[in-house]
Structures are given as structure tokens and as C-alpha cells.
K.L.:
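Before we start, here is the structure in question, set down as C-alpha cells.
Numbers here simply count residues along the sequence, with the first being 1. Both ligands and their constituent atoms are indexed starting at 1 by order of listing.
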Amino acid sequence: MEFPVLGLFCWIISPHQGIDLNFASLMHIIDTHTHLYLEEFHKDIKEVITRANAVGVAKFYLPNIDSSSINDMLRLEEHFPEQCIAMMGLHPCSVKENYKDELKLVEEWLKKRPFAGVGEIGLDYYWDQAFVKEQKEAFQLQIEWALYHNLPIIIHSRNSLQDCIDIVKQNQNGQLKGIFHCFGGSIEEAKQIMDLGFLMGIGGVVTYKKANLTEVLYKIPVAHLVLETDAPYLTPVPFRGKRNEPAYLKYVIEKIAEAKNLSAFEIIEATTANAQNLFGG
Ligand SMILES: [Zn+2]
């Protein structure tokens with residue numbers, strides 16, 4: 001695989017000064033949360049991955065959604081085994097009448113082969129509140145399976161962050177680890193997450209004007225952050241409104257660097273180390 005090193009060099013070095021460049025780690029930006037198996041990418045996935053590699057994004061962790069996404073996710077992993085890594089879980093928005101069947105499938109898959117994590121799981125009060133009780137039950141069960149298999153959990157929360165934190169707290173026996181994906185909370189919530197030993201996933205939202213995430217980010221040590229796109233969703237500025245893809249992590253990294261007064265290189269180095277530490281390489 002070839003990387004246009006000079007272009008990457010210019011991006012990393014500018015506008016920051018005095019960076020000790022280590023190209024090996026530059027090549028390992030990790031997108032910890034991306035749905036590259038969805039229909040939006042069926043036509044040009046090769047180009048999408050090539051564009052990501054060209055700016056140093058080298059690994060893609062794929063959270064599952066429900067029974068309808070498993071085959072496409074596993075097929076993508078098969079085509080790009082070095083780069084695309086599958087996870088297994090039931091998304092809270094897919095917790096409906098048939099959630100017990102869906103959960104059974106997740107449980108069976110977790111026994112059948114290794115996955116990098118259990119996700120995405122959690123609570124979503126934004127789209128539908130009809131199944132909150134079932135969402136909590138599904139979240140709890142999947143946390144237990146993650147503990148059993150010694151896997152990190154990938155948490156989706158929408159209008160439900162404190163409830164998600166509370167459930168993680170109740171289950172934290174010193175072994176539970178994972179990511180609060182698409183973190184957009186307050187510094188108080190960030191502190192609780194850090195106390196739990198969890199990481200926060202930062203993506204395109206950080207580039208939105210309305211989000212006061214940059215002020216919160218300033219106070220969160222980089223040791224608690226990982227990068228994510230949630231592609232094809234949550235596209236960063238200047239491509240907001242279009243399909244998101246991992247190459248756009250560049251804009252997220254720049255924004256985090258600006259918010260924390262660090263270089264892009266420092267952000268990449270820390271977030272890659274955090275992700276490798278969580279997923280085990
Ligand atoms: Zn997602």
C-alpha cells in the first residue's frame with residue numbers, strides 16, 4: 001500500500017512547529033467507530049478505504065447494528081481483514097418487539113468467533129421511548145456478555161447519557177472497559193466517564209458551531225479520547241450534509257488539536273495508543 005507521504009507530512013507539520021515526526025505512528029490513525037458496511041458504501045468502498053489510507057487512517061472498527069447488518073459487516077471484514085474489524089451487538093434503536101430473538105443472535109455470534117468488542121449497545125431516548133425498559137434490559141445483558149468474553153463495550157447514548165453512565169457504574173467490577181461513542185456531554189459527565197476508566201469517542205460533531213464540545217474537550221486529558229467518524233453519519237464541516245467517510249477524520253483531528261492546544265501529531269499519537277490499548281493492538 002502506498003501513502004503520499006509528502007502530502008501527509010504537510011498536513012501534520014502545518015501549522016504546528018517543532019514536531020518530532022514518526023511516520024510509523026502517523027500511518028495508524030484509527031477510526032474506532034464506522035459503518036463502512038452500509039449500503040451508502042457498496043459502490044465505492046475501495047476508493048473510500050484508499051482515500052482514508054492516503055491521510056493515514058489505517059484501521060476501521062465496525063460496530064454492528066442488528067441482524068440485518070451482520071452479513072454485510074462480516075463480508076467487508078473478509079475483504080479487508082487487516083483493516084476492517086467487526087464488533088457484535090444490538091443497537092438500542094433496533095430494540096423492538098423482537099429484541100429477544102435479536103439478542104439471541106448476538107449471544108450466539110459472540111460464542112461462535114472472536115470480535116473486537118460488543119457494540120454498539122446502549123440507550124436511545126431520542127427516536128423512540130416505547131422500548132426504554134427493553135433497551136435497558138438489552139444493555140445490561142450485553143454488558144454481561146462483554147464481561148464474560150473480556151471485550152470492550154461501545155456505548156451509544158442519545159438523551160440518555162446519565163442513565164448509561166449509571167448502568168456502567170453498577171457493572172464496573174474493575175474489568176469493564178469501553179468507549180462512550182459520540183461523546184457530547186458536559187465536563188461533569190466526562191469526569192464520571194474518566195472515573196469509570198472509559199474513553200470518549202470524538203467525531204464530526206466537534207466541528208459543528210453549535211456544539212460547545214471544544215470547551216469541554218479542553219478539560220479532558222487526551223489519554224481519554226479516541227477518534228471516530230460514525231460514517232456515513234455525522235459528517236464534519238466542511239462536508240456536513242454529505243456522506244461521511246474516514247478520510248474526513250483529518251478535520252476532526254485538526255479541531256481537537258485546536259481545542260486542546262496540541263499538534264495534530266500529538267492527537268494522533270495519543271488516540272491511536274488509547275485505541276490500541278483498548279482493543280489490544
Ligand atoms: Zn454508530
Side-chain angles (χ1 to χ4, degrees), residues 29-42 45 48-49 52 57 59-74 76-77 83-96 99 102-103 106 109 115-128 131 135 138-139 142-143 146 151-161 164 168 178-185 193 198-208 211 213 225-236 239-249 252 271 275 278-279:
I29 296 170
I30 298 176
D31 186 347
T32 60
H33 191 121
T34 182
H35 301 276
L36 290 180
Y37 52 79
L38 290 179
E39 206 187 335
E40 285 88 337
F41 296 106
H42 281 183
I45 184 62
V48 167
I49 288 184
V57 187
K59 237 176 193 182
F60 314 94
Y61 283 89
L62 314 171
N64 187 45
I65 298 169
D66 57 32
S67 57
S68 72
S69 53
I70 294 175
N71 285 345
D72 283 349
M73 177 179 73
L74 296 181
L76 180 67
E77 188 192 51
Q83 299 198 71
C84 293
I85 299 143
M87 305 197 273
M88 181 49 64
L90 178 63
H91 193 294
C93 291
S94 294
V95 173
K96 306 279 183 205
Y99 77 105
E102 288 279 344
L103 282 172
V106 170
W109 271 109
F115 286 94
V118 175
E120 51 185 297
I121 62 175
L123 304 171
D124 191 309
Y125 300 164
Y126 177 81
W127 292 107
D128 190 356
F131 292 95
Q135 282 189 27
F139 189 26
Q142 293 182 95
I143 289 175
L151 291 173
I153 56 174
I154 312 305
I155 301 168
H156 167 107
S157 72
R158 190 140 186 215
N159 294 358
S160 62
L161 185 53
C164 285
V168 170
I179 300 170
F180 279 82
H181 138 66
C182 192
F183 176 76
I193 290 169
F198 270 62
L199 301 167
M200 284 159 269
I202 307 295
V205 174
V206 75
T207 67
Y208 302 168
L213 189 52
L225 302 179
V226 287
L227 303 171
E228 62 172 46
T229 55
D230 205 17
Y233 315 112
L234 301 177
T235 313
F239 298 110
R240 199 175 177 182
K242 302 204 176 95
R243 180 188 71 174
N244 196 6
E245 61 174 75
Y248 299 163
L249 267 186
V252 172
T271 53
L278 182 73
F279 291 116

K.L.:
Any idea which N/O/S atom from Asp230 gets closest to the Zn ion (ligand 1)?
P.N.:
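Restricting Asp230 to its N, O and S atoms, the minimum distance to the Zn ion (ligand 1) goes to OD1.
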K.L.:
For a 4.5 angstrom cut-off between non-hydrogen side-chain atoms, does Phe183 reach Val205?
P.N.:
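The answer is no; the side chains never approach within 4.5 Å.
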K.L.:
Looking at residues at least two apart in the chain, or sitting in another chain, which of them share a ring-ring contact (aromatic ring centres under 6.0 Å, His included) with Tyr37?
P.N.:
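With neighbours one apart ignored, the set is His35.
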K.L.:
May I have the angle between His33 NE2 and Glu120 OE2 with its vertex at the Zn ion (ligand 1), rounded to 10°?
P.N.:
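That angle works out to 90° after rounding to 10°.
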K.L.:
Could you give me the CA-CA distance, side-chain angles and deciding distance for Val48 and Arg243, then say whether side chain to side chain contact (heavy atoms under 4.5 Å, CB included) is met?
P.N.:
CA-CA 11 Å; Val48 167; Arg243 180 188 71 174; 3.4 Å; yes
K.L.:
Looking only at the aromatic ring of each residue, does the gap between the centers of Phe279 and Tyr61 stay below 6.0 angstrom?
P.N.:
yes
K.L.:
Taking both backbone and side-chain atoms into account, decide whether His35 has an N/O/S atom under 2.8 Å from the Zn ion (ligand 1).
P.N.:
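Checking the Zn ion (ligand 1) against His35, an N, O or S atom does fall under 2.8 Å.
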